[in-house]
Structure formats: structure tokens, C-alpha cells
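A short worksheet on the structure shown next.
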Amino acid sequence: MLKSKLLASLTVAARIAISGGSILSAQERFGEWREQQQYVRQDMRGDYGRIERLREAVARDRFRVNEDERSGRRWAARRDANQLARDGRALEFAMSDVRHDRRFVR
């Protein structure tokens with residue numbers, strides 16, 4: 001009888017220890033998840049600022065290309081068109097980064 005009570009109490013103690021450990025690890029995972037979410041949101045704020053600057057740069061480049069074409073400066077129009085293409089690619093990359101981050105935050 002004494003052995004069965006001792007075995008039962010050890011079994012209960014082991015189950016409590018095991019279940020308490022899983023709760024603690026779940027809390028740690030939630031904390032890590034929350035920190036990661038905060039980092040992603042901060043990254044998205046920076047991405048939105050970069051997108052706004054790139055949109056302004058694209059508009060400026062388009063204006064320059066149009067002005068150069070109207071003035072007959074073909075070499076300047078090509079140079080500005082290349083800059084417009086670079087800024088356009090950077091804008092597309094930044095927007096895809098934000099789309100990826102949005103999927104992660106949800």
C-alpha cells in the first residue's frame with residue numbers, strides 16, 4: 001500500500017512538472033512571437049516611408065524624362081529613363097516586401 005501511494009504521488013508530481021513545463025514554453029513562444037510581430041511592424045513603418053520617397057522619385061523622374069523629350073535632349077532623356085526604371089524596380093521591390101510583411105502580421 002505504501003509503495004502504491006508513493007508511486008501515485010510520484011506520478012502526479014511528474015505530470016504536474018511536465019504540464020508546467022509545456023505552459024512555460026508556450027508562454028516563451030508567445031513572447032518571441034510578439035517580439036517578432038513588433039519588429040515586423042517597425043520594419044513596415046520604414047518600408048512605407050521608403051515607398052513614399054520612391055513614389056516621389058518616380059514622379060520626378062517621369063517629369064524629367066518628359067521635359068528632356070520636349071526639349072530634344074535625347075541623351076538626358078535616356079539617362080533619366082534609366083533612373084526611372086531603377087526607381088520603378090526599387091518601388092516594386094519595396095511594395096512586394098510590404099505585401100509579404102502584411103501576410104506575416106495577420
Which residues pass the salt bridge (Lys or Arg N to Asp or Glu O under 4.0 Å) test with [X], sequence neighbours left out?
{"X": "D97", "value": "R50"}
{"X": "E67", "value": "R70"}
{"X": "R74", "value": "none"}

| task | Flag yes if V58 and V98 sit in one hydrophobic cluster, no otherwise; membership is Ile, Leu, Val, Met, Phe, Trp, Tyr, and two members link when side-chain heavy atoms are under 4.5 Å apart. | result | yes
| task | Sequence neighbours left out, what passes side-chain contact (heavy atoms from CB on, under 4.5 Å) with D68? Give chain and number order. | result | R73, A76, A77, D80
| field | Any residue meeting side-chain contact (heavy atoms from CB on, under 4.5 Å) with E52, in chain and number order, not counting sequence neighbours | value | R55, E56
| query | What distance do L84 atom CG and R60 atom CZ have between them, rounded to the nearest 0.5 Å? | reply |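 One finds 11.5 Å between CG of L84 and CZ of R60.
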| In Å and rounded to the nearest 0.5 Å, what is the NE2 to CG distance from H100 to D43? | 10.5 Å
For [X], check side chain to side chain donor-acceptor pair (under 3.5 Å) against everything at least two apart and list the hits.
{"X": "R79", "value": "none"}
{"X": "D61", "value": "none"}
{"X": "R45", "value": "none"}
{"X": "D87", "value": "Q83"}

| task | Measure across A94 and I51 and return the closest heavy-atom pair with its distance rounded to 0.1 Å. | result |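 Heavy atoms of A94 and I51 come nearest at CB-CG1, 3.7 Å.
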| query | Around Y48, counting heavy atoms of other residues, nucleotides and ligands shown, do more than 12 lie under 6.0 Å from its OH? | reply |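 More than 12 within 6.0 Å, yes.
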